Amino acid sequence: MVLVVEHDPAWAAGFAKEAAAIHAALGAEAIELHHIGSTSVPGLVAKPILDLLGEVADLAAVDAAKAQFEALGYEVMGELGIPGRRYFRKMDAAGQRSHHLHVFERGSAHVARHLAFRDYLRAHPKVAADYGALKRELIAEGRGDWEAYIDGKDAFVQRVEAEASVWARGRDQS
């Protein structure tokens, strides 16, 4: 069952705490971390799961750090359907998902896509509000299972990702 809640300003501090733990385990120079996903957009309703995006020089080093990730409570999931990604998930004490960590090599188009989407929603509150309304609608319609919820958001996310990509390129050129 997917749970969507009002934005919690504490999510930013939760990201900072988790990033500090990962940096302590791997070395701050080994991985650059970004807070992504709906929990990173002030005012946006979200699943109460922190999404982290990591950039590394070499995925082999991430693969070699499996024990460090496991010591932090992460389940190592491999690529999980996205070539060039390493995916990790973490559960809280109650057994609920609390964190998703997506790691890519620096320069990956996936990094640019995630950051552009986040920054676009932050800069365009009306679009973020529309996204929140869609999420509420999907839950109200009974699409509370993961697959149906993700499928229900897909067209919106694809459209906004395309807009965000154009917007980010224009911003980078100015």
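What you are looking at is a predicted structure, and each value in this text was computed from that prediction instead of being measured. Note that these values count all heavy atoms, side chains included, but never hydrogens, waters or copies made by symmetry.
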Angle between ring planes, Y131 versus F117, binned at 30° and 60°: parallel, tilted or perpendicular? perpendicular
Pair H34, R118 - check side-chain contact (heavy atoms from CB on, under 4.5 Å), show working. CA-CA 10 Å; H34 307 277; R118 177 202 66 193; 4.0 Å; yes
Hydrophobic cluster mates of V166, side-chain heavy atoms under 4.5 angstrom, ILVMFWY only, any path? none
Can you classify the ring geometry of F104 versus H110 as parallel (below 30°), tilted (30 to 60°) or perpendicular (above 60°)? parallel
Heavy-atom check, side chain of I49 versus side chain of T39, under 4.5 Å: no
same_hphob_cluster(L50, F69) at 4.5 Å side-chain heavy-atom cutoff: yes
Any side-chain heavy atom of Y120 within less than 4.5 Å of one from E161? no
Within the 4.5 Å heavy-atom criterion, are V56 and L26 side-chain neighbours or not? no
Does any non-hydrogen side-chain atom of Y149 lie less than 4.5 Å from one of V4? yes
Taking E75 first and then R89, would you say they form a salt bridge - that is, a charged N and a carboxylate O separated by under 4.0 Å? yes
Separation between CD1 of I22 and CG of L101, rounded to the nearest 0.5 Å: 5.0 Å
So do the side chains of V62 and F88 get within less than 4.5 Å of each other, counting heavy atoms only? yes
Can you sort out the partners of E29 under side chain to side chain donor-acceptor pair (under 3.5 Å), two or more places apart, ordered by chain and number? none
Return the set of residues passing side chain to side chain donor-acceptor pair (under 3.5 Å) with R136 (not counting sequence neighbours), or none when no residue passes. E6
The test is side-chain contact (heavy atoms from CB on, under 4.5 Å); show your working for H124 and V160 and say whether it passes. CA-CA 11 Å; H124 297 86; V160 173; over 6 Å; no
From the list E32, E105, E55, side chain to side chain contact (heavy atoms under 4.5 Å, CB included) partner of V111 resolves to E55
Stepwise salt bridge (charged side-chain N to carboxylate O under 4.0 Å, His left out) test for E79 and R86: CA-CA 5 Å; E79 287 186 333; R86 297 301 180 268; 3.8 Å; yes
Distance col, row H23:NE2 vs L33:CG, nearest 0.5 angstrom, shows 4.0 Å
Between S40 and R122, is any pair of side-chain heavy atoms under 4.5 Å apart? yes
Answer whether the closest heavy-atom distance between the side chains of D51 and H102 falls below 4.5 Å. yes
Mind checking whether K47 and R97 have side chains closer than 4.5 Å, heavy atoms only? no
